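Here's the structure we're looking at; comments come further down.
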Amino acid sequence: MDSECYIYDRTLLNEKATLGKELFETTVNNRKEYNPADEERALKIIRYAFEYYMEWTPEQIRVNIDEEILRKLKLDGIVRQRIRFPVELEPMENLQYLVHRMYPDRYTYNRRQTIILYYDRVLAGEIKRFKKGFFTEEGGKYRAGICLQRMLQMIGQFKSVQEMYDLFYGTEGRKVLMKYKLASAARDLYEFPLDFLHYSLPEGNRDYLYYEKLRFGLINDKQKRVMRKRGTFIA
């Protein structure tokens, strides 16, 4: 028997208090830090617990997994502490992602759709604000881009891609981003809302020449404002 499974057996039988330091690496100052090796050990233990003790197939796990069964199997702690869930997910509310990590070849994770559902809940007020790091942690630009694409769907039909660029070139674009709760994403990730739009569009839908033309105007206007503030601008 693998050492990980043996240690888990002892924990489940109350011969050990926790899985603890025998399995997982100690972090600096005992801070919670993601570790890929620890995650693989945790996934191995979780699969073992369900397959050996519950005698469940992957499909039975997918259908029946919940927080209560994780607590009974003394797995809820390592799920919270050792499995890295995407920012758009809450661990105990989205255990299908854990099933995906356990059996990645069998069950997929639709990241795009999950981000859209999260964003819709923010707009509906079910979630008061985006989770910390939603736009700034790893994958933040991708999440922001998906949200902006979703926003464009809700705004309505545009006659052309250039019409989109025109919207984000002016002040109206900032108002729209504020209304649809993406102003902070634009501010944190890009110099101009125009950049936010351009890099959020699928590459095949981008108009590079028109973007560069408008962006040149924005940079020029910004430089003029700085020079006026310094008193060095001469019209």
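Note that this is a predicted model, so its numbers are computed, not measured. Sequential numbering from 1 along the given sequence is applied to the chain's residues.
- Remark: R101 engages E39 in a salt bridge, criterion side-chain N to carboxylate O under 4.0 Å.
- Going from atom CG of L214 over to atom CZ of F192 covers 11.5 Å, rounded to the nearest 0.5 Å.
- The side-chain hydrogen bond (donor to acceptor under 3.5 Å, both in side chains) search around K74 returns N14, not counting sequence neighbours.
- L95 is not listed as a side-chain neighbour of V99, based on a closest heavy-atom distance of 4.5 Å or more.
- Applying the salt bridge (Lys or Arg N to Asp or Glu O under 4.0 Å) criterion to D188, with sequence neighbours excluded, gives no partner residue.
- Contacts of Q113 classified as side chain to side chain contact (heavy atoms under 4.5 Å, CB included), with partners at least two apart in sequence or in another chain: N110, I116, L117.
- How far CD1 of I45 is from CD1 of I78: 5.0 Å, rounded to the nearest 0.5 Å.
- Between E40 and K44 there is no salt bridge, since no side-chain nitrogen of the basic residue lies less than 4.0 Å from a carboxylate oxygen of the acidic one.
- Under the side-chain hydrogen bond (donor to acceptor under 3.5 Å, both in side chains) criterion, R47 pairs with no residue at all, not counting sequence neighbours.
- To the nearest 0.5 Å, atom CG of residue L218 and atom CD of residue E191 are 8.5 Å apart.
- Inspection of the Y48 and D9 side chains reveals an N or O donor paired with an N or O acceptor under 3.5 Å.
- Residues meeting the side-chain hydrogen bond (donor to acceptor under 3.5 Å, both in side chains) test with Y210, sequence neighbours left out: D166.
- Residues satisfying the side chain to side chain contact (heavy atoms under 4.5 Å, CB included) test with P58, not counting sequence neighbours, are Y103, R106, Y107.
- Of all the heavy atoms in S200 and G145, the pair that sits closest is OG-CA, 3.4 Å.
- With respect to the salt-bridge test (charged N to carboxylate O, under 4.0 angstrom), the residues R62 and E59 qualify.
- Within the structure, salt bridge (Lys or Arg N to Asp or Glu O under 4.0 Å) contacts touching residues 172-184 (residues at least two apart or in different chains) do not occur.
- Judged purely by atom type and a 3.5 angstrom limit, T11 uses its side chain to pair as donor or acceptor with the backbone of I7.
- Two residues are said to be in side-chain contact when any heavy atoms from C-beta on lie closer than 4.5 Å; L201 and Y165 meet this criterion.
- No side-chain donor-acceptor contact under 3.5 Å links Y211 to the backbone of R206.
- Here D38 pairs with R82 in a salt bridge; the nearest charged N to carboxylate O distance falls below 4.0 Å.
- A186 meets the side chain to side chain contact (heavy atoms under 4.5 Å, CB included) test with L177, F196; sequence neighbours excluded.
- Using a cutoff of 4.0 Å between basic side-chain nitrogens and carboxylate oxygens, K131 and E88 are not scored as salt-bridged.
- For K213, there are no salt bridge (Lys or Arg N to Asp or Glu O under 4.0 Å) partners, not counting sequence neighbours.
- Residues satisfying the side chain to side chain contact (heavy atoms under 4.5 Å, CB included) test with Q157, not counting sequence neighbours, are none.
- For the pair R215 (side chain) and D195 (backbone), a donor-acceptor distance under 3.5 Å is absent.
- Applying the salt bridge (Lys or Arg N to Asp or Glu O under 4.0 Å) definition to pairs two or more places apart or across chains, none involves residues 151-163.
- Taking the six-membered ring where the residue is Trp, the centroids of Y118 and F134 are separated by under 6.0 Å.
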Exercise for the section: List the steps and the verdict of salt bridge (charged side-chain N to carboxylate O under 4.0 Å, His left out) for K72 and E67. Expected result: CA-CA 9 Å; K72 287 180 178 178; E67 186 175 2; over 6 Å; no
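- Scanning both residues, L189 and G140, for their nearest heavy atoms gives CD1-O, 4.2 Å.
- Using modelled atom types, no side-chain atom of N94 and backbone atom of Y97 make a donor-acceptor pair closer than 3.5 Å.
- Atom CG of L123 sits about 4.5 Å away from atom OH of Y119, to the nearest 0.5 Å.
- Cluster annotation: L152 is not connected to M178 through the hydrophobic network of ILVMFWY side chains, with a link wherever side-chain heavy atoms come within less than 4.5 Å.
- Put simply, the side chain of L182 reaches to within 4.5 Å of the side chain of F135, judged on heavy atoms.
- Donor-acceptor pairing under 3.5 Å is recorded for the side chains of Q149 and R112.
- Counting heavy atoms from C-beta on, the side chains of M54 and L73 come closer than 4.5 Å.
- Y8 approaches A49 most closely through the heavy-atom pair OH-CB, 3.4 Å.
- Looking at E138 and R84, a side-chain N of the basic residue comes within less than 4.0 Å of a carboxylate O on the acidic one, giving a salt bridge.
- A distance below 6.0 Å separates the ring centres of H198 and Y208.
- When the side-chain hydrogen bond (donor to acceptor under 3.5 Å, both in side chains) test is applied to E55, no partner is found at least two apart in sequence or on another chain.
- The distance from the CH2 atom of W56 to the CD1 atom of I61 is 7.5 Å, given to the nearest 0.5 Å.
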